[in-house]
Amino acid sequence: MEPAASLLSSSSLFSTPIPRLKLAISPPTFLLGKMGEPAQLHCGCSNSTSASSIAAEKEVKLWGGRFQESVTDAVERFTESISFDKALYKHDIMGSRAHATMLANQGLMTDNDRDSILRGLDEIERLIENGEFVWRTDREDVHMNIEAALTDMIGEPAKKLHTARSRNDQVLTDFRLWCRDAIDQTVESIRNVQVALVALGLKNDGLIIPGYTHLQRAQPVLLQHYLLSYVEQLERDIGRLLDCRDRLNFCPLGACALAGTGLPIDRFMTSNALGFTAPMRNSIDAVSDRDFVMELLAANSITAVHLSRLGEDWVLWASEEFGFITPSDSVSTGSSIMPQKKNPDPMELVRGKSARVVGDLMTLLTLCKGLPFAYNRDLQEDKEPVFDSVKTVIGMLEVSAEFARNISFNRERILRALPAGHLDATTLADYLVKKGMPFRTSHDVVGKSVALCVSKNCQLQDLMLEDLKGISPAFEEDVYKFLGIENSVDKFSSYGSTGSACVAEQMDYWVKKLKCGKQSDPFLG
């Protein structure tokens, strides 16, 4: 049996990696030959045969034995999936390698046939990656394109490859492998954002910002505390993706159309070779299940919503009305008519692109809601939403990390903004509770104190002790240790709170977990 490492080599999802993220889903370069023209497939065809003439010659479908006439051009155009499912080519070849190796091991093909198939698959993979492969619409999908090309190349042995295999279980095997890789790369992208946020916190140690509820001033919080709230959300996103990965990592190969096979195959062998946990137990479920797709899209949607909320904050904070952050020119855009404009467009688009990720999830849920068992051709439509969702989320993650590395917080502007809103009011209520006053009573007392400040156009810390005692005799000289933004933050002490000591512990946890710091993160300076 061929080792799993060789069967699973070169398993990246796409042809052109994004820097740092190892993933790009823009149209792969292998789809076109030189000068943007379709390249010729060298698989036993005459070198003088052009790509256009190959495409023009309709061949008998691999499933065409019982048919007397070809499908119409309109049907062929409408039903083809090669225009998008060629993204699965590497995983399709991986599955075929494992399947051929298993068939030989079970005596369903000779070792010579297996070796011919494996060499042919290697050559097809090389042709694809070098841009020398012709994807033919009349061959419908990635599976038929590769199998037909293999038959053109090596002849009769290729016809044994589809033994004990249907496109139903074949495509699900490919798709699960693709989604598994997509999850791994998305997790890596999320980690990049977490590191960028923690690094941003390290650069702004001790900075206090206004905290908001209902978009109204609420309580003072440390910027690090705010940034770590998104780090925590992203960590849950990783957990959801890894949970999804665990559930999808079961192998449908060998389930065939829906009922399995009477041939003596070894599904555990192919499952192990492809790195799955085990074969799927039920062959009907194996070919009809799309839970893993919906779960992946749901996890992506939640991640997109988290990033959208971060984008909303930073778009607001970059405005003149807030002025809390200044994005660098490298992550900003201008206006075609207003020369003075500097827009935080990347984060606006992060906010906007979350809509299409949620839409991809809605597409799959709607697609699957009324399907009879088991496989239906409707399920061909499951791939494009997944490809789009993964591409979009990884792009959102990449630009969010880039934005975080290229913004500065305007300390003076934030400091001027902090006094407004009586952010230390709740801390003052806690002071009275410590004096033995019931909280509801202290809430009322502090409310009256704030009303007095409003009438005097001052802050709580500006009130004279006589003013405070006029509201409640419980106030004493030590009250001023609880008033003011810095004092207020220092008084927070509950686990997970915005208190300086608490946030320092949280920062230390994440620096160690993410292995980031001034030595390991170049953008910290």
Under 3.5 Å, is there a donor-acceptor pair linking the side chains of Arg165 and Ser96?
yes
Using the ring pair (Phe, Tyr, Trp, His ring centres under 6.0 Å) rule, take Trp510 and Tyr230 through it: C-alpha gap first, then chi angles, then the decisive distance, then the call.
CA-CA 12 Å; Trp510 284 108; Tyr230 282 101; over 10 Å; no
Indicate yes or no: does Asp85 engage Lys383 in a salt bridge with an N to O separation below 4.0 Å.
no
Please find the pair of heavy atoms, one from Ile117 and one from Pro157, that lie closest to each other, and give the distance.
CD1-O, 3.4 Å
Treating Ser400 as the side-chain partner and Met396 as the backbone partner, does any N or O pair qualify as donor plus acceptor under 3.5 Å?
yes
Taking the side chain as every heavy atom from C-beta outward, state whether Arg180 and Phe276 have any pair of such atoms under 4.5 Å apart.
yes
Validation row: Phe133, Ile124 side chains within 4.5 angstrom (heavy atoms)
yes
Ion pair Asp289/Arg176, N-O distance below 4.0 Å:
yes
Kindly determine whether Met507 and His225 satisfy side chain to side chain contact (heavy atoms under 4.5 Å, CB included), including the steps that lead there.
CA-CA 8 Å; Met507 285 294 293; His225 195 215; over 6 Å; no
Is Glu384 salt-bridged to Lys391, going by a charged N under 4.0 Å from an acidic O?
no
Does a donor on one side chain and an acceptor on the other come within less than 3.5 Å for Gln380 and Arg377?
yes
Quick one: do Arg240 and Asp243 make a salt bridge, cutoff under 4.0 Å?
no
Ser389 pairs by side chain to side chain donor-acceptor pair (under 3.5 Å) with which of Thr303, Asn300, Thr363?
Asn300
Of Leu172, Leu297, Asn249, which is the lone residue that meets side chain to side chain contact (heavy atoms under 4.5 Å, CB included) with Phe292?
Leu172
Sub-4.5 Å side-chain heavy-atom contact between Glu312 and Met347:
no
Heavy-atom closest contact (Cys179 atom, Leu248 atom, distance)
CB-CD2, 4.0 Å
For a 4.5 angstrom cut-off between non-hydrogen side-chain atoms, does Arg191 reach Ile238?
yes
Is the shortest side-chain N to carboxylate O distance from Arg119 to Asp113 below 4.0 Å?
no
So, does Arg267 use its side chain to make a donor-acceptor pair with the main chain of Cys251 at under 3.5 Å?
yes
Between Ser283 (side chain only) and Leu258 (backbone N and O only), is there a donor and an acceptor less than 3.5 Å apart?
yes
Do the side chains of Glu156 and Lys159 get close enough for a salt bridge, i.e. N-O under 4.0 angstrom?
yes
Is it the case that the side chain of Asp169 and the backbone of Gly254 share a donor-acceptor pair, with hydrogens and angles ignored and the cut-off at 3.5 Å?
yes
Does a donor on one side chain and an acceptor on the other come within less than 3.5 Å for Glu80 and Ser83?
yes
Quick one, Leu228 and Val231 - any side-chain contact, counting heavy atoms below 4.5 Å?
yes
Using distance alone, with no hydrogens and no angle criterion, decide if Asp92 and Gln170 have a side-chain donor and acceptor under 3.5 Å apart.
yes
Run the salt-bridge test on Glu235 and Lys513 with the 4.0 Å N-O cut-off and return the result as yes or no.
yes
Basic-acidic side-chain contact under 4.0 Å: Asp291, Arg247
no
Apply side chain to side chain contact (heavy atoms under 4.5 Å, CB included) to Asp122 and Ile93, showing your working.
CA-CA 8 Å; Asp122 288 344; Ile93 291 172; 5.7 Å; no
Which atom names give the shortest non-hydrogen contact between Gln224 and Gly201, and what distance separates them?
NE2-O, 2.9 Å
Does some side-chain heavy atom of Leu379 sit less than 4.5 Å from a side-chain heavy atom of Tyr375?
yes
Mind running side chain to side chain contact (heavy atoms under 4.5 Å, CB included) on Met102 and Ile265 for me, showing each step along the way?
CA-CA 7 Å; Met102 179 276 294; Ile265 62 172; 3.8 Å; yes
Are the charged groups of Glu123 and Arg126 less than 4.0 angstrom apart, N to O?
yes
Dump the intermediate steps for side chain to side chain contact (heavy atoms under 4.5 Å, CB included) on Asp138 and Glu76, then the final yes or no.
CA-CA 7 Å; Asp138 63 328; Glu76 190 158 82; 3.6 Å; yes
Can you tell me if Asp266 uses its side chain to pair, donor with acceptor, with the backbone of Phe268 under 3.5 Å?
yes
Hydrogens and angles aside, do Asp141 and Ser81 bring a side-chain donor and acceptor to less than 3.5 Å of each other?
no
What I want to check is whether the side chains of Tyr226 and Asp313 have a donor and an acceptor closer together than 3.5 Å.
yes
With a 4.5 Å heavy-atom cut-off, do Pro279 and Leu253 have their side chains touching?
no
Close side-chain approach of His91 and Asp181, heavy atoms under 4.5 Å
yes
Is the shortest side-chain N to carboxylate O distance from Arg97 to Glu125 below 4.0 Å?
yes
Hey, are His143 and Asp174 close enough side-chain-wise for a donor-acceptor pair under 3.5 Å?
yes
